[in-house]
Each structure stands twice: as C-alpha cells, then as structure tokens.
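Single-structure report; data block below.
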Amino acid sequence: AVWLLGRPRGGWGDAVGADDYRLGAMIAEYLVARGHRRVAFVNPKPDHLLFMRREDGLLGAARRLGLSVQCFCSAPPGGWEFPLQAPTHVEMVQHLVDQVLATRPRPTVIVAAVDSVAALIYRALAVRELRVGRDISVISGNADHRLIAPLHPQLTTLDIHPFEIGRRAVQQLALRLADPNPWPDGDWTVHPTLLEGESVVTIVAK
C-alpha cells in the first residue's frame, strides 16, 4: 500500500505527501518576517491528522521564534454529519472566528491549515464587516487554485505540489511491485513552496 497525503494511525505501507510539519514551520517563519507576533490557529477539525501535523510545525517554530500562538480548535456546535458538507458553510468556522475576534489583545493573523478553511474564514470575517489584509491577516496551505481564485485579496498560501506527490507515489508503488523482497515502511515528503498573495500585511514595529 502507498498512502497519499499521510498514513492513518495504525496503517501499514508507505506514505507520500507534503511535508506538513515543515509547512507549519514555514508559516511561522514568514509571519515573524512580516512583523507578526500574535497568531491564531483556527481548526474546525481538531482530530484531522494533516491539520495536527501542520499545527505541530507551526507551534514548534513559534516556540523557537518567540511567536505567540493561540489555538482555536473545535468542531461546529452541531458536530459533523455525514456526508461531510462542502466548504461553503460559514457556520463551520464562525464560532471560532468570533472567539479570535473577542481575544484581547487580538491576534493580528489567522492561520488555517488548508485553503478550504481559509475561504470560510474570509466569509466569517466579512459577516463581521472585517476585511482580510486590512483589519486582520489570513494565511493557509495547499494552493488549491479552484478554491482560492475567487478570494479577494489574493490569499497567501503554500503550494504542496500535488502533481509531484502523485508522481512520487506511483514511482514508489512501482518499486514495491518490482521487488518481491519486503523492506520497512517508509515516508517520503515533498517540500512546500510559498505563494505570496495580499492577505498578510507587514506590521512595522513602532
């Protein structure tokens, strides 16, 4: 078996995916370079493995860089129902965004693990008559152009290079099929690349 984008807990086989821990760390490094010191991590799926890895990377780098990160992680008030709803319902994150806005001192930037959550955060902020890139900054990961193309201002995100991940997964499966001798399960990751938009402002120290 070759898992794409992470092996589930207890799963066996190889895994090929984005370097999620590094992605979280890159977000922290980018925000520090832009002058941010108070960060909110918003996550409506706190038990999601990919989200947790990115959160761990963010928090690990934040400790090293002196960045203050508050995590706002909980499912929607009514819980998740199957089939899971498409990322078009602002209620999925509104309660978390409202918690961020009520925090004092308020974070200057909201981090979302993935672009689908960032798109909902844009809407949740608009409901409160706040503009991304002016009143508060937003950054996320995946570079899912189908989701982020309509967003204004343009979202700053990290490209996980899904084509390369898929190609590497096929190569790994071919290697397994060609060699009858088993070897230990392995993990292969592709490093993300920053795609800078207009959703993160630079804060100039006074």
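Side-chain atoms are counted along with the backbone in the values below, which use heavy atoms only and exclude waters and symmetry mates.
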Does atom CH2 (Trp188) have a neighbourhood of more than 12 heavy atoms from anything else shown, all under 6.0 Å? yes
Check the pair Leu155, Val138 against side-chain contact (heavy atoms from CB on, under 4.5 Å), reporting the backbone distance first and the verdict last. CA-CA 7 Å; Leu155 177 67; Val138 176; 4.0 Å; yes
Identify the two heavy atoms, one from [X] and one from [Y], that lie closest to each other, and give their separation to 0.1 Å.
| X | Y | result |
| --- | --- | --- |
| Pro44 | Val93 | CG-CG1, 3.9 Å |
| Gly197 | Thr156 | N-OG1, 2.8 Å |
| Trp12 | Trp3 | O-NE1, 2.8 Å |
| Gly186 | Arg7 | O-NH2, 3.3 Å |
| Gly17 | Ile165 | C-CD1, 3.7 Å |
| Phe41 | Phe51 | CZ-O, 4.0 Å |

Nearest-0.5 Å distance, [atom1] of residue [X] to [atom2] of residue [Y]:
| X | Y | atom1 | atom2 | result |
| --- | --- | --- | --- | --- |
| Leu96 | Asn43 | CG | CG | 8.0 Å |
| Leu175 | Gln171 | CG | CD | 7.5 Å |
| Leu59 | Tyr21 | CG | OH | 8.5 Å |
| Ser140 | Leu120 | OG | CG | 11.0 Å |
| Leu130 | Ile121 | CG | CD1 | 13.0 Å |
| Gln70 | Ile110 | CD | CD1 | 11.5 Å |

His152 and Gln154, any side-chain heavy atoms less than 4.5 Å apart: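 A side-chain contact under 4.5 Å is absent here.
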What residues, two or more places apart in sequence or in another chain, satisfy side chain to side chain donor-acceptor pair (under 3.5 Å) together with Asp14?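 In terms of side chain to side chain donor-acceptor pair (under 3.5 Å), with neighbours along the sequence ignored, Asp14 is linked to Gln172, Arg176.
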[X] and [Y]: same hydrophobic cluster, using ILVMFWY side-chain contacts below 4.5 Å?
| X | Y | value |
| --- | --- | --- |
| Met92 | Leu125 | yes |
| Ile136 | Val69 | no |
| Val132 | Val109 | no |
| Ile139 | Leu67 | yes |
| Val117 | Phe72 | yes |

Apply side chain to side chain contact (heavy atoms under 4.5 Å, CB included) to Leu195 and list each qualifying residue two or more places apart in sequence or on a separate chain. Ala143, His145, Thr157, Asp159
Salt bridge (Lys or Arg N to Asp or Glu O under 4.0 Å): which pairs involve residues 113-122, sequence neighbours left out? none
Can you list every pair that meets salt bridge (Lys or Arg N to Asp or Glu O under 4.0 Å) and has a residue in residues 127-142, with sequence neighbours left out?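 Output for this query lists Asp98-Arg128.
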Apply side-chain contact (heavy atoms from CB on, under 4.5 Å) to the pair Ser199 and Leu151, showing each step before the final yes or no. CA-CA 10 Å; Ser199 64; Leu151 298 180; over 6 Å; no
Give me each pair satisfying side chain to side chain donor-acceptor pair (under 3.5 Å) with a member in residues 54-63, each pair once, sequence neighbours excluded. Asp20-Arg54, Arg54-Asn142
For residues 23-36, run the donor-acceptor check on the side chains, cut-off 3.5 Å, and write out each pair with its distance to 0.1 Å, sequence neighbours left out.
unit_1, atom_1, unit_2, atom_2, d
Glu29, OE1, Arg22, NH1, 3.4
Glu29, OE1, Arg22, NH2, 3.2
Glu29, OE2, Arg22, NH1, 3.1
Glu29, OE2, Arg64, NH2, 3.3
Tyr30, OH, Arg34, NH1, 2.5
Tyr30, OH, Glu196, OE2, 2.6
Arg34, NE, Thr202, OG1, 2.5
Arg34, NH1, Glu196, OE2, 2.7
Arg34, NH2, Val200, O, 3.0
Arg34, NH2, Thr202, OG1, 2.6
His36, ND1, Thr108, OG1, 2.7
His36, NE2, Val201, O, 2.8

